[in-house]
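Just below is one structure, and these are the notes that go with it.
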Amino acid sequence: MQKQTYLDALAVLRKKESLYSQPSRYHDFGYIHARYVELAHGLPIFLPWHREFLRQFEEEMQLINPNISVPYWDWGFNADKPLSNTDMFSSGPQSFGTRGYANPPCVVDGFCGNWTDRDNQCLTRAYNPIGLAFTDDVDLAPAVFAAPDFNSVSATIESAHNQVHDYIGGSNYPNRSGDMFPVDRSTNDPIFFLHHANVDRLWWSWQQNKPVEGKKYSTHASINDVLPGLTYKNQKVDVKSTLESSRGGQWCIVYAPHTK
């Protein structure tokens with residue numbers, strides 16, 4: 001029921017009018033992510049920026065249905081065989097579909113089959129099903145919790161995050177890879193939001209485990225830095241506002257334990 005509610009809201013969001021002259025309100029998020037891609041990746045701001053980006057996406061979904069929360073995909077749970085997760089990867093109407101086999105590798109099954117991107121090209125996925133694997137939770141969780149400070153945990157999480165983008169997108173085709181591979185196209189794939197919810201969950205879990213360090217930021221940047229391209233109620237959003245996730249209201253961020 002919760003899953004179908006989420007998918008229904010996605011469908012509505014893809015029909016809602018854009019604020020940025022894009023095909024829909026859903027595509028607005030792809031536009032913002034692509035426009036600020038170089039300012040939000042490979043830098044200390046990576047985790048705070050994507051937390052706020054994800055929160056604003058969830059809030060937009062809640063305008064459609066207030067009971068919605070963006071689910072996370074714990075890709076480290078079955079990291080050695082991610083395609084066995086048929087809730088994610090199958091051709092059924094409640095699944096995110098599989099991959100394309102043409103060139104370009106258009107996704108034609110699942111609830112997002114035959115979706116088009118901001119540039120009216122098809123949604124693509126080109127992962128190699130042979131040997132597809134991610135960083136296992138058995139290895140990733142200890143590395144995250146052992147991280148002594150923000151710089152360390154951010155580097156650990158972003159590295160694992162990159163692997164998922166690269167492998168799910170795939171670069172098997174000479175003319176066009178899967179959308180998750182090039183970062184400026186990655187939000188075209190609805191898996192992006194579940195992936196980044198898990199990225200934020202990992203950071204949140206580290207913050208819960210290290211409550212003092214969890215409120216600190218990078219020694220190479222300032223907590224007063226503004227998140228580029230992200231405003232809330234016409235106000236700029238700074239890093240500091242994202243560091244405490246339990247202040248209530250729109251800043252109440254809680255992740256439930258993973259279940260099969």
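Since this is a predicted model, take the numbers as computed values, not measurements.
Cation-pi contact between Arg99 and Tyr101: present, with separation from the ring centre below 6.0 Å and deviation from the ring axis of at most 45°.
With sequence neighbours excluded, the residues satisfying side chain to side chain donor-acceptor pair (under 3.5 Å) with Asp109 are Thr98. Under the side chain to side chain donor-acceptor pair (under 3.5 Å) criterion, Ser24 pairs with His27, not counting sequence neighbours. Scored by the side chain to side chain donor-acceptor pair (under 3.5 Å) test, Asp149 finds Ser152 as partners (sequence neighbours excluded). Judged as a ring pair (Phe, Tyr, Trp, His ring centres under 6.0 Å), and not counting sequence neighbours, Phe181 has no contacts. The side chain to side chain donor-acceptor pair (under 3.5 Å) check on Ser186 picks up nothing, with sequence neighbours excluded. Evaluation of the side-chain contact (heavy atoms from CB on, under 4.5 Å) rule for Ser21 yields no partner, not counting sequence neighbours.
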What donor-acceptor contacts under 3.5 angstrom involve side-chain atoms of residues 30-40, with partners at least two apart or in another chain?
unit_1	atom_1	unit_2	atom_2	d
Tyr31	OH	Arg35	NH1	3.1
His33	ND1	Val183	O	3.4
His33	NE2	His41	NE2	3.4
His33	NE2	His50	NE2	3.3

Show me the donor-acceptor pairs, under 3.5 Å and distance only, between side chains in residues 188-196 and residues at least two apart or in other chains.
unit_1	atom_1	unit_2	atom_2	d
Asn188	ND2	Asp117	OD2	3.3
Asn188	ND2	Arg185	O	2.9
Asp189	OD1	Arg125	NH2	3.0
Asp189	OD1	Ile191	N	3.0
Asp189	OD2	Arg125	NE	2.8
Asp189	OD2	Arg125	NH2	3.4
His195	ND1	Trp75	NE1	2.9
His195	NE2	His161	O	3.3
His196	NE2	His161	NE2	3.3

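For the salt bridge (Lys or Arg N to Asp or Glu O under 4.0 Å) condition, the pairs that include at least one residue of residues 209-221, sequence neighbours left out, are Glu213-Lys216. Every pair tested for disulfide (SG to SG under 2.5 Å) that includes a residue from residues 190-226 fails, sequence neighbours excluded, so the list is empty. The salt bridge (Lys or Arg N to Asp or Glu O under 4.0 Å) pairs that include a residue from residues 195-204 are Arg51-Asp200, Asp74-Arg201, where partners are two or more places apart or lie in different chains. Within the structure, every pair that satisfies the salt bridge (Lys or Arg N to Asp or Glu O under 4.0 Å) test and touches residues 19-29, not counting sequence neighbours, is listed here: Arg25-Asp28, Arg25-Glu60.
Residues Phe89 and Phe96 place their aromatic rings such that the two centres sit no closer than 6.0 Å.
In this structure, Trp115 and Val107 have side chains that are not in contact, with every pair of non-hydrogen atoms separated by 4.5 Å or more. By the 4.5 Å heavy-atom criterion applied to side chains, Leu10 and Phe111 are counted as neighbours.
In this model, a donor atom of one side chain and an acceptor atom of the other lie less than 3.5 Å apart for Tyr232 and Glu59.
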